[in-house]
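When a ligand or atom number is given, it counts from 1 through the structure's own listing order.
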Amino acid sequence: MREFVKVNEAIEDYLKTIYNIQDEHGKVSTTMLAKQMNIAPSSATGMIKKLARLNLVTYEPYRGIQLTSHGRKVALEVLRHHRLIELYLVEALGMRWDEVHHEAEKLEHVISKSLIERIDSYLGHPAVDPHGAPIPDRHGKVESTPGVKLADLKSGQCGVVSEVNDRDSEMLRYLAELGIFPNARIKVLNIAPFQGPMSISIEGEERLIWIELAKSIFVKLLPENTEGCRDNQQKNKNVSDNL
Ligand SMILES: [Zn+2]
């Protein structure tokens with residue numbers, strides 16, 4: 001028999017996390033979920049059983065955890081709240097992009113439907129949040145094209161930052177110092193071997209960035225004959241001419 005229980009905060013957080021893992025990795029395992037939620041795998045297993053009883057997820061050993069259409073609807077609604085709240089705090093209250101995630105984590109569960117719709121129209125029905133994550137519309141439609149990880153780019157490749165991971169405020173402050181924001185143009189100049197740093201150009205400024213950090217930054221690739229890419233190639237060529 002199917003249980004009908006009100007979806008509480010904890011359940012909303014699980015569904016949101018399952019959605020995010022699925023979005024990034026395609027498949028969701030119990031281990032991945034436990035790691036992301038910072039809990040023991042046995043607790044995650046217990047929760048998945050509960051979510052399956054509530055018809056919010058399905059679980060099969062080889063296919064992993066999958067959201068049902070009901071589970072996906074709940075996850076997208078919470079993500080819509082989260083991302084609109086983040087953008088509102090930045091745009092209307094002038095908060096920094098590293099301050100808003102923790103506030104949104106709390107408010108996303110309690111904000112009313114009418115207030116979130118007011119915020120959405122105040123902001124002009126925005127497509128992305130301050131970290132570049134897409135905002136689902138009120139029908140649960142979302143454009144999900146996170147791009148490729150900066151860490152996966154090869155030397156000489158060029159792209160535009162589409163999204164950065166929003167969970168770590170300290171990291172966001174550091175990215176801001178480096179000038180890494182959504183829409184910033186990046187070109188990979190050189191990659192040191194053995195997981196060493198990448199030397200990149202951000203809007204023409206040369207910086208070093210560690211591979212581990214570059215895994216939290218998503219970019220949309222640009223063709224190599226794009227203007228910004230060509231300029232840097234020219235600059236590098238001149239540098240090597242002088243050596
Ligand atoms: Zn956030």
Side-chain angles (χ1 to χ4, degrees), residues 7-25 28 32-39 67 71-113 115-120 122-138 140-147 149-151 160-184 212-220:
V7 173
N8 61 26
E9 264 184 43
I11 291 177
E12 287 181 348
D13 279 338
Y14 273 93
L15 297 174
K16 187 180 69 171
T17 306
I18 293 167
Y19 179 88
N20 282 336
I21 298 172
Q22 196 166 6
D23 199 34
E24 192 182 334
H25 301 279
V28 189
M32 285 160 113
L33 181 62
K35 196 177 158 212
Q36 195 73 242
M37 298 289 294
N38 219 355
I39 51 168
L67 293 170
R72 183 179 153 86
K73 195 169 160 259
V74 176
L76 286 169
E77 199 178 318
V78 182
L79 280 171
R80 172 172 166 79
H81 294 179
H82 183 102
R83 293 172 180 172
L84 279 170
I85 291 166
E86 284 189 340
L87 189 61
Y88 180 78
L89 295 178
V90 168
E91 296 282 322
L93 302 186
M95 289 174 74
R96 291 191 320 261
W97 77 337
D98 57 278
E99 295 177 307
V100 296
H101 176 76
H102 298 287
E103 298 296 342
E105 286 284 86
K106 289 175 255 168
L107 295 171
E108 65 187 15
H109 304 290
V110 293
I111 194 161
S112 71
K113 245 192 169 77
L115 181 53
I116 206 72
E117 294 317 319
R118 287 283 290 272
I119 287 177
D120 183 43
Y122 172 86
L123 294 170
H125 311 290
V128 291
D129 80 4
H131 313 103
I135 300 173
D137 74 7
R138 67 169 121 153
K141 255 212 210 130
V142 65
E143 224 172 278
S144 189
T145 46
K149 285 179 183 165
L150 174 61
V160 165
V161 176
S162 54
E163 188 176 341
V164 299
N165 195 322
D166 69 347
R167 289 159 64 96
D168 184 338
S169 333
E170 216 176 307
M171 186 193 85
L172 287 171
R173 281 194 291 278
Y174 183 58
L175 293 183
E177 263 175 48
L178 291 173
I180 297 181
F181 293 105
N183 296 323
E212 209 42 48
L213 184 57
K215 288 177 184 168
S216 293
I217 301 160
F218 294 88
V219 300
K220 290 214 171 83

For this session: Take Ile11 and Val74, measure what side-chain contact (heavy atoms from CB on, under 4.5 Å) needs, and give me the verdict at the end.
Result: CA-CA 9 Å; Ile11 291 177; Val74 176; 5.8 Å; no
Problem set entry | side-chain contact (heavy atoms from CB on, under 4.5 Å) evaluation trace for Phe181 with Val161 | CA-CA 7 Å; Phe181 293 105; Val161 176; over 6 Å; no
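Between the OD2 atom of Asp166 and the OE2 atom of Glu86, the angle taken at the Zn ion (ligand 1) works out to 120° after rounding to 10°.
With a cut-off of 2.8 Å, the Zn ion (ligand 1) has no N, O or S atom of Asp129 in range. The Zn ion (ligand 1) has an N, O or S atom of His101 under 2.8 Å away, backbone or side chain.
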Pairs of donor and acceptor atoms involving the side chains of residues 103-110, under 3.5 Å and at least two apart or interchain, shall be tabulated with distances.
{"unit_1": "Glu105", "atom_1": "OE1", "unit_2": "Lys16", "atom_2": "NZ", "d": "2.6"}
{"unit_1": "Glu105", "atom_1": "OE1", "unit_2": "His82", "atom_2": "ND1", "d": "3.4"}
{"unit_1": "Glu108", "atom_1": "OE1", "unit_2": "Lys16", "atom_2": "NZ", "d": "3.2"}
{"unit_1": "Glu108", "atom_1": "OE1", "unit_2": "His82", "atom_2": "ND1", "d": "2.7"}
{"unit_1": "Glu108", "atom_1": "OE2", "unit_2": "Lys16", "atom_2": "NZ", "d": "2.7"}
{"unit_1": "His109", "atom_1": "ND1", "unit_2": "Glu12", "atom_2": "OE1", "d": "2.6"}
{"unit_1": "His109", "atom_1": "NE2", "unit_2": "Asp13", "atom_2": "OD1", "d": "3.1"}
{"unit_1": "His109", "atom_1": "NE2", "unit_2": "Glu105", "atom_2": "O", "d": "3.3"}

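Taking NE2 from His25 and CG from Asn20, the interatomic distance works out to 10.0 Å, rounded to the nearest 0.5 Å.
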